[in-house]
Amino acid sequence: MEEAVEAVVAAGVEPFPTVDKCDASGRGAHAVVADLDGALLRSRSAFPYYALVAFEAGGVPRLLLLLLLAPLAAALRALASESACARVLVFAATAGARVRDIESAARAVLPRFYAADVHPAAWRVFSACARRRVVLTAAPRIMAEPFLRDCLGADAVAGTELATWRGRATGMVDSRRGVLVGWSRADALREILAGDDDDDAAPDVGLGNSRSDYPFMSMCKVVDECGYVVDMGEQSLLTNLGGEDDRVDTLDLYDEGIPNLMKPPTPKFMLEKYSYVSIMCFTFITKLHLFDLSDYGPCVIARLLNDSLNDGGVTSAMAASSAMCGLAGRLSHEAYIVPRAPVEPLPMDQLPRPVIFHDGLLVRRPTPLAALLVVLWFPVGFALACLRIAAGALLPMPLVYYAFWALGVRVHVRGAPPPPRAERATGRRGVLFACSHRTLLDPIFLSTALGRPVAAVTYSLSRLSEFLSPIRTVRLTRDRASDAAMIRDLLAEGDLVICPEGTTCREPFLLRFSALFAELTHEVVPVAMENRMSMFHGTTARGWKGMDPFYFFMNPSPAYVVTFLNKLPPELTCAGGRTSHEVANYIQRLIAATLSYECTSLTRKDKYLALAGNDGVVATPKPPAPAKKPNGC
């Protein structure tokens with residue numbers, strides 16, 4: 001088949017239409033096979049995803065190595081092959097990295113960036129085919145598979161396999177198949193289909209983006225111009241052409257070892273055997289081979305050529321060629337090319353499973369230019385973060401607001417914050433600020449907006465963050481009775497900040513609010529917290545939380561928007577007969593409406609199971625048991 005494809009490519013023939021010509025209706029019983037980069041995804045470059053893995057697995061040094069080798073990879077792609085380019089990128093991004101770190105990045109980091117780059121036209125066809133969805137990619141399978149299975153609903157994924165040694169990637173590609181490009185994709189698809197018990201396992205539709213995808217695209221089912229799927233075992237085509245009695249099975253062309261067109265005839269063979277046959281006939285035979293009309297193709301060719309060659313003239317051969325070209329125009333594999341024209345990505349809320357939780361430090365898609373800016377800014381940003389943290393920790397709280405603005409940190413205050421306790425009626429307990437949770441710095445920026453320090457309760461906080469915090473922080477024990485008593489004591493002393501979600505969420509969603517706070521006080525002020533970061537995320541679920549404040553302040557100009565909502569009226573609190581769950585759900589809806597976010601019933605446990613593979617509970621060390629006294633006098 002290789003010679004046939006090469007002949008068609010050399011002749012400039014485009015055998016597959018563009019994906020916008022595909023009718024996606026009524027395909028619930030169809031199977032689809034698609035390429036990833038350039039087909040399901042808009043971008044044809046996999047560099048950003050290698051950059052994400054490099055940064056998450058090896059930090060700035062590995063990202064710098066990838067940047068240094070990127071020009072070599074681009075040159076090899078242009079001058080040598082796509083396989084050579086992929087090998088360089090794989091080496092730079094994974095050499096020496098722990099396999100579990102690559103898997104963790106693929107599960108927690110890459111889906112957010114993949115989901116933001118889905119091609120809408122390709123997804124229209126891919127999502128419509130529900131019987132089976134297969135994806136082939138040159139990228140390492142370990143990187144792409146979590147997103148493809150969990151977010152796009154792929155049933156099978158074949159990609160490049162990494163070579164590993166003692167739990168670490170060697171930076172090489174598994175030699176058994178190599179990089180999954182060109183003909184190796186067709187081989188991988190055959191292996192997937194061979195393991196299917198379904199007799200009708202061949203894909204109905206194929207989606208590719210370049211001529212290197214033709215091998216697996218030509219394995220899709222053959223349809224006529226009306227969309228009818230041609231059954232290779234049927235004799236109806238021969239009957240329509242004159243019946244089985246008219247078949248010519250003794251023609252030399254048929255007897256020369258090409259009965260099923262497993263190998264296309266060469267021009268030399270054609271000219272030696274039939275010197276007066278036009279090259280057009282050979283071009284059509286090659287095209288038939290590309291379309292793999294394996295069972296009835298030789299009979300059609302034999303019959304048409306036999307009728308023409310008996311006259312012994314070029315004219316009749318040309319007529320036969322013309323008739324055969326008409327047949328080829330009516331029969332083709334149902335596969336489509338995704339064009340290179342720029343399009344807007346598919347909105348992420350249209351995916352079967354939207355990405356709510358994701359991890360990783362980089363905010364923007366790390367194109368080569370963006371990755372270079374990250375590397376250059378990192379040392380400058382770290383020094384600036386240290387200066388900003390020192391200003392927040394050492395200056396009096398009324399001055400922190402102005403110091404942050406002078407250092408490029410923007411704090412926007414909206415609504416009417418309640419007055420300090422000293423200005424309220426004597427004997428009243430403190431106000432509980434119920435905040436949405438974006439980063440660990442939420443209580444600090446709320447205190448900055450108020451101009452006074454307000455204590456905060458938290459489930460988990462690193463020792464470093466606790467040491468640097470300019471406000472009082474109190475750890476909760478996750479024991480309901482002891483936590484309730486602790487919160488009552490803190491409210492008796494003054495105002496208190498609590499984040500009922502229990503963990504942060506980066507996307508415009510609010511997690512389920514814990515109802516404990518609503519049982520403890522009727523003085524509740526909802527606060528909608530919103531932040532903006534341009535380079536680094538200030539939260540992590542897999543890394544060390546002690547660096548979270550540093551990464552937030554490493555952004556060139558981070559911003560916080562603190563919106564104080566009206567205090568809950570008594571009739572909407574537990575004092576007015578509402579249950580604690582009703583109060584918590586009402587505050588969640590109120591904050592979500594203010595921020596234009598969506599409420600969910602997801603919890604901290606759901607987040608950490610999705611991103612880190614645990615329930616997010618930090619084990620507290622037990623105090624050592626008292627030493628036993630020795631027996632005797």
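Between E519 and R480, at least one side-chain nitrogen of the basic residue sits less than 4.0 Å from a carboxylate oxygen of the acidic one, meeting the salt-bridge criterion. Salt bridge status for R131 with D155: absent, with no side-chain N to carboxylate O gap under 4.0 Å. Salt-bridge check for R112 with D359: failed, with every basic side-chain N at 4.0 Å or more from each acidic carboxylate O.
The 12-atom threshold is not exceeded at CD of E344, counting heavy atoms of other residues, nucleotides or ligands nearer than 6.0 Å.
Of the N and O atoms on the side chains of R365 and Y49, at least one donor lies less than 3.5 Å from an acceptor on the other residue. Neither side chain, S462 nor K545, offers a donor N or O lying under 3.5 Å from an acceptor on the other.
Aromatic ring centres of F55 and Y50: separated by at least 6.0 Å. Under the 6.0 Å cut-off for aromatic ring centres, F382 and Y551 do not qualify, their centroids lying 6.0 Å or more apart.
Between atom NZ of residue K607 and atom CG of residue L602 there is a gap of 11.5 Å, rounded to the nearest 0.5 Å.
A donor-acceptor distance shorter than 3.5 angstrom exists from the side chain of R410 to the backbone of W405, with no hydrogens or angles considered. Within the 3.5 Å criterion, the main-chain N or O of S127 finds a donor-acceptor partner in the side chain of R133.
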Q.
If you apply the rule side chain to side chain contact (heavy atoms under 4.5 Å, CB included), what do you find for V454 with I471, and how did you get there?
A. CA-CA 6 Å; V454 180; I471 63 175; over 6 Å; no

Please determine whether ring pair (Phe, Tyr, Trp, His ring centres under 6.0 Å) holds for the pair F550 and F536, giving the CA-CA distance in whole Å, both sets of side-chain angles, and the decisive distance to 0.1 Å. CA-CA 10 Å; F550 288 88; F536 302 105; over 10 Å; no

Q. After noting the C-alpha distance and the side-chain angles of T539 and D548, does the key distance pass the side-chain hydrogen bond (donor to acceptor under 3.5 Å, both in side chains) rule?
A. CA-CA 5 Å; T539 60; D548 287 358; 5.9 Å; no

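With contacts defined as side-chain heavy-atom distances shorter than 4.5 Å, the pair F147/L110 does not qualify.
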